[in-house]
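Letters go in sequence order (proteins before strands), and every chain restarts at 1.
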Amino acid sequence: MPNSFQIVVCSSLVPDPLQTLEPVAGPALKNEMMLPAVLDPWAACSLYEAAALAAAHPGSKVYLVAMAPKAKLQQVMMTVAQKVPFELVALDGPLGGFTDAQSTAAALAEAIAAIPALDRSKLLLFGGWESASRGAGVTLQTAGELLGITEQFQGVDQLTVRDDGQLEVLERVEGGRHQVSLCQGAPAVFGWATGNLAEPRNSPQMGMANMRGITPALMKAKPVKLDANGLSYVSAAVPKQTRETRLVRDMPAEEIAREIVAWMAE
Amino acid sequence: MEKIFVLTHVDESGTALAKASLEAVSAAVELAKSFSAELTIGLLGADVAQAAAQLAGAAPKVLAVTGQAFAQPRYATDAAACEALVKAAAPTIVLAPSTARFARVMAGVAHRAGGAIDTHITAVSPSLEATRWFYRQRIEAVVKRERRPWFLLLDAGTHAAYSATGAAPAVEAVAVAAPASRTTVAGTRSPQQGEQTIRPNAKLLFVAGAGWTKKQSDGQVHAADAEKLILGFLHAADASLGSSKSLVDQSGENQATLKFMTHLNQIGQTGATPRHAKGLSTCCHGEEPHVVGWRFVNERRAINLDANCGWARGKADVVYLADAFQVMAKVNELLEK
Amino acid sequence: MSDAQFAVEGQTIERQTMEVDIACVGFGPAMGGFLTTLTREMAAHPDDPALQSRVMPGMPLQVLCYERADDLAAGVSGVVTAAKAIRQSFPELVSSAVPMLAPVKNEKVLYLLDPLGASKRSVALKAGDLLLRGAARDHAYELPFTPEFLNKHDGLVLSIGQFNQWVANEVMMTGMAQLWPGSPVSEALIEGDAVKGVRLADQGVLRDGAPDAGYMPGMDVHAALTVVGDGPVGPVGQSLDRHFGMPFGNQTREWALGMKMVVELPEDTPLTEGTVWHTFGFPEPEIFGFLYVHPERLASVGIFVPSWLKNPQRTAYRTLQHYIQHPYLWRYLKNAQMRSWSAKSLAESGTHGEPYLCGNGYARIGEGSGSTNMLTGSGVDEAWATGMQLAEATLELLREGREFTQENLQATYVARRRLSSVEQGVQQAKNARNGFQTGVVTGLIGMGLAGLTNGKLAVGGNIPRADQQIAPLEQSFSAAQLEKARAAVQQGALLQDALMDATGWPPIEYDGRILVSHQDALLMGGKVQAAPGFADHVLFRDPALCEPCRERTCIAMCSGQAITEGDGRVPAFDREKCVHCGACLWNCAHSTDGKHTNVDFRAGAGGFHSAEN
């Protein structure tokens, strides 16, 4: 099939963005299992991009390789499953961001390599360029290396498949600009920034269809224990950044403007 | 005994080092000094002769990978080059700047070198404890690693840039055969909005909140006025433009939106955490999840109508309780003068 | 495939349909009881032909549950419950399995005096207060015993959010039911006298519901049995009431808004887990309050603002702030930190508000079915019990090969319900609160009578509709107070705040921890969010009724400050701030038809994202 892809999206789960986070000894997040979780937002963007790409290229398939405690994965899948079609590969592993990225990458790469009938020549490895938990930007690259893929892109906002099969990639670089690269097709790694797609609507039928694969995938989710890889924590704390705030009331706009302009010039 | 190696690369001009590279160099020099460790510098670029002069006095040894194949940032070639440099230097600690170019490859290089890596490092202590943030700048942690070589990717703006002293150092070439790559770099593209987007080098970050597109005291929405005021200010002040998530998200809600706002402007949550000397927030509530994006903005002022907004509770240095429409109109008038 | 077509920019978008066996609406305690009981039996008997799907041969029964909230953990209640029915389902329920769960250890009832002199107290009450003053400590009089009907012997302190999340996991782990959060259901699909399933809310629409980019008409889910557990303000329950009416004489006329916060108590707190306090008397005599202590120094503290508090400018948030600052509570709360905050409407009519419990193709369970016990103030366990009863009935009908007709459901579900001890308690409590319409003292006497005589005696009462319970401004405030408040409103104050100021309530000194602005409570506490692409779910039926409205109760009582003064006299609604408490539904002094208020509360997405409620 010309230009069909096997897209593997890697993702972790992170706390829903408005939650109050507090570290406890370990370190770990206080009440980690209690906090509502969501699919990592950058990885979620990459999942939507993957689905759009697969839809545009018949014969393509999207896998979601997700690692978190099984119960949390199950909850989050009830939302994610309604968004786009995918096949879940579930890893029953830790949730938090304080784990080692390279160990995470090793677990993911192993799971990807074990996907039956995965055509590596068509493999596009997707994920967020960083996560909202560890935020290291290490996992996807390392997983790519472990899978032997040396065409890698980070901070991707756009991926276009040209008529000649070349992939045009826009990566975020310094100065609010994009680096434009051309890659001669799969296999390649794409760490996505936000991309350009809106979050898909919840589709109950999509959910039902995905669920047929999700439930068995969760049932056979492999337990994963991550190696610390020599990493230890000296401290983890929420910084006290309270400033002495000066409240300015009843000052005419003109005077405020003068004060602001003077401050800008300082 | 630790052996410290700092990886640097030339910037787009091809003749100078990227500023973040020079910051990494000063961090490395400092670290090497603190426990009398040996420091080696690695340099990557098509031609490094001119750029190497900026490293004068920093280290006894500068290794370089050069050649047209390494002119442009690309994973396969950059990873091969850095791998060779690390191999040649055989360090225990590798420092590198968190530029787009190095952030793309350094995890792969660490993997190839059999080392460990930590990124977004904001400080490294003489006892080799590294500070970085987790959970979108909500939790600050200090980490240690037993494994070597240990790669530390330093965030830009956390150290002063190195300034050369003395004569240009001798550069020792490290030969690398450019690996086969299926990728060609076509250049860079600026967003069409150009000047309205983020300017990392601007002194001031101007953040517009959702209040700009909400009903004002006359019960009307004044999105067009808001656009004019904000753009006017950006032109006059050469400021970088940021936005709250709610304003960026409004386009999906079909509310009145500011046309030039995109997700690239978002500060906090899934957006950026830029470094600026000053930040001015307008019509934005200043709650914790949004303000985490301000973690590295030094001086903060806010214009808000609500005396109980998050800014007023220790998040900003000064909060002006005023109508941002009126104040910014006056600010623009003053700046135009 | 479709019964309707829509054209958007030249494209035709069809409304999808789907066939399932059992469609459920609303995942709360009642649905927890239903699905736990049903799926356990399905998992235990995978080969039972009666439990095979009729719509998907070869598969188990297709049981789907749609929940409006974005997360199954976004429940809104911290409760103390006798947990008798819940323990029937989970005899081994322990706190290590469900965070924030604690067995009730000590329970007391406190009458709070008003140290500020700002509350509205009758002469009789003031006289009583004087008598009690000597026996009071920190302006609170501790009742020497907890009346038996209030006692939660062997009960549990729970976070409904955490409990729901745990139950949902247990249910889903069986693989026998699917629970879909973020899926508001707009109405029941009614054909003739039968319910044929439900219709999900449209997505990708503008605020007025008109199709927009990404338009997706809400799917029609057809089912042989529709289980409605969407609570007292749920749109499906409402649509059934509109279509089928209510049993003769029944109507939900009394309501309360429960608003509470979950706080982390200071490290040196003397309060221990399992502590339960019920309070009354402050900030207004009509307002009941509570403090429940969970494990790990967490506590739920909150109030109920009832419809019989006739003041049109009742406002729960400010009232809650005064409540927690009562000297008796403040000793423990002043260095506490708000972790979560939430609000919810409670149907306070009990069996007076009971709708038809079943019909052809549907059955109703939980609070929306009038299961709350108005004497004990208990609803969670009762709701759970109704769910269990319906599940048992459903299994019986499936195994006997009988259809889900009104007659069959009546003979199985309703019959079980009527015979249960839960129902007996609810019946005894039927008139327990009637007296509150007359006054607090009468109300308390009525509760006492009903409690001590198992409902044989109660104070009679003529209960007006919710809209008629709201008094005109002039009846609640003096001319001077109104004048003072109006001047403050001119300066930008909110009317409800200005009136509380004018009646002697001190301003709230924010501490950024537990005393925070209303907007901060939304963000820091409730973590309130709303996904784009849904229509406004609060509408004002007849704008002409809003024009002359002076009470503005919908604005004062809006838990999320989502309803505000609009361009003209019709209030504006901001769905991103809505917490779906449903207070607006009954906090409107105007009625279009003698049945409903002028506020239409429909299916909407978003709301709380805090799981500690």
Side-chain angles (χ1 to χ4, degrees), chain A residues 17-18 21 23 27 41 97-98 102 132-138 141-142 144-145 150-152 154-155 170-184 194 198 229-239 242-243 245-249 251 253-254 256-258 260-261 263-264, chain B residues 73 75-76 79 99-100 103-104 107-108 111 116-117 119-120 129 134-136 138-147 182-191 197-200 204 237 252 263-264 269-270 289 301 307 312 314-323 326-327 330-331 334-335:
Chain A
L18 284 181
L21 305 181
F98 296 112
Q102 286 170 310
S133 51
R134 185 166 44 230
V138 166
Q141 290 97 317
T142 311
E145 281 283 325
T150 54
E151 309 307 316
Q152 296 207 12
Q154 293 299 323
L170 260 59
E171 291 169 285
R172 286 189 189 181
V173 294
E174 284 83 1
R177 293 168 308 147
H178 284 120
Q179 174 170 313
V180 187
S181 302
L182 286 171
C183 178
Q184 289 157 12
T194 49
N229 200 19
L231 172 68
S232 60
Y233 284 80
V234 178
S235 65
V238 175
T242 308
R243 292 162 184 245
T245 305
R246 174 165 65 97
L247 264 184
V248 180
R249 297 172 198 265
M251 189 188 264
E254 190 139 18
I256 295 175
R258 265 199 297 276
I260 287 173
V261 171
W263 167 67
M264 285 167 56
Chain B
Y75 186 88
T99 55
R104 187 186 295 111
H111 170 77
I117 180 165
T119 60
H120 290 300
E129 294 176 349
F134 288 80
Y135 290 96
R136 302 299 298 151
R138 308 274 280 279
I139 295 172
E140 191 177 34
V142 178
V143 301
K144 285 168 87 161
R145 288 271 184 185
E146 283 163 16
R147 196 156 152 194
R182 291 180 287 112
T183 300
T184 50
V185 179
T188 61
R189 196 178 291 170
S190 292
T197 58
I198 289 176
R199 298 178 193 194
L204 180 84
H263 276 102
L264 285 172
Q269 300 209 55
T270 47
R301 295 193 178 197
K315 296 258 190 302
D317 305 308
V318 183
V319 177
Y320 299 101
L321 298 176
D323 181 341
Q326 289 174 18
V327 174
K330 295 287 177 197
V331 167
L334 289 172
L335 289 174

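Every residue meeting the side-chain hydrogen bond (donor to acceptor under 3.5 Å, both in side chains) condition with B:Thr99, not counting sequence neighbours, appears here in chain and number order: B:His9. Applying the side-chain hydrogen bond (donor to acceptor under 3.5 Å, both in side chains) test to A:Ser232 and every residue at least two apart in sequence or in another chain returns nothing.
Side-chain N or O atoms of A:Glu254 include none that pairs as donor or acceptor with a backbone N or O of B:Lys330 at under 3.5 Å. Between the side chain of B:Arg147 and the main chain of A:Asn229, no donor-acceptor pair closer than 3.5 Å is present. Under the 3.5 Å distance criterion, the side-chain polar atoms of A:Thr245 are matched with a main-chain donor or acceptor of B:Gly314. In this structure a side-chain-to-backbone donor-acceptor pair under 3.5 Å is missing from A:Tyr233 to B:Ala141. In terms of modelled atom types and a separation under 3.5 Å, the side chain of A:Arg243 and the main chain of B:Val318 share no donor-acceptor contact. Using a distance-only test at 3.5 Å, with no hydrogens or angles considered, no donor-acceptor pair links the side chain of A:Gln152 to the main chain of B:Tyr75. Looking only at distances, no side-chain donor or acceptor of A:Thr150 sits under 3.5 Å from a matching main-chain atom of B:Ala76.
Listed here is the closest heavy atom pair of B:Ala116 and A:Gln102: CA-OE1, 3.3 Å. The heavy-atom pair separating A:Pro239 from B:Arg138 by the smallest distance is CD-O, 3.6 Å. Shortest non-hydrogen contact noted between B:Val327 and A:Ile260 is CG1-CD1, 3.9 Å. Here the closest heavy-atom approach between residue B:Ala312 and residue A:Leu247 is recorded as CB-CD2, 3.9 Å. Nearest approach of B:Gln326 to A:Ala253, heavy atoms of both residues: CB-CB, 3.9 Å.
If you tally non-hydrogen atom pairs under 4.5 Å between each of A:Gly144, A:Ser181, A:Gly137 and chain B, the highest count goes to A:Ser181. Of the residues considered (A:Val138, A:Leu170, A:Leu231), A:Leu231 shows the highest number of contacts with chain B, using heavy-atom pairs under 4.5 Å. Taking A:Arg258, A:Met264, A:Met251 one by one and counting their heavy-atom pairs under 4.5 Å with chain B, the maximum is reached by A:Met264. Note on A:Ser235, A:Ala136, A:Gly97, A:Pro27: by heavy-atom pairs under 4.5 Å with chain B, the leading option is A:Ser235. Of all the listed residues (A:Ser133, A:Ala236, A:Pro23, A:Ala132), the one sharing the greatest number of non-hydrogen pairs under 4.5 Å with chain B is A:Ser133. Interface summary for chain A: among B:Ala79, B:Gly187, B:Ala186, the most heavy-atom pairs under 4.5 angstrom belong to B:Gly187. Most heavy-atom pairs under 4.5 Å with chain A: of the set B:Ile117, B:Thr119, B:Val319, this distinction falls to B:Val319. By number of non-hydrogen pairs under 4.5 angstrom with chain B, the leading residue of A:Gln141, A:Glu145, A:Gln154 is A:Glu145.
For a residue to count as touching a neighbouring chain, one of its non-hydrogen atoms must lie under 4.5 Å from one of that chain's; by this rule A:Val261 touches chain B with the side chain only. For a residue to count as touching a neighbouring chain, one of its non-hydrogen atoms must lie under 4.5 Å from one of that chain's; by this rule B:His120 touches chain A with the side chain only. In this structure, the portion of B:Leu204 lying under 4.5 Å from any heavy atom of chain A is its side chain and not its backbone. Heavy-atom distances place no part of A:Ala198 under 4.5 Å from chain B, backbone and side chain included. For B:Ile139, the parts lying under 4.5 angstrom from a heavy atom of chain A are both the backbone and the side chain. Only the backbone of B:Ala103 comes within less than 4.5 Å of a heavy atom of chain A; no side-chain atom from C-beta onward does. With a threshold of 4.5 angstrom between heavy atoms, B:Glu129 approaches chain A through side-chain atoms but not through N, CA, C or O.
For the pair B:Arg301/A:Ile256, no side-chain contact is recorded, criterion being any heavy-atom separation below 4.5 Å from C-beta on.
The OH atom of B:Tyr320 lies 15.0 Å from the CZ atom of A:Arg249; values are rounded to the nearest 0.5 Å.
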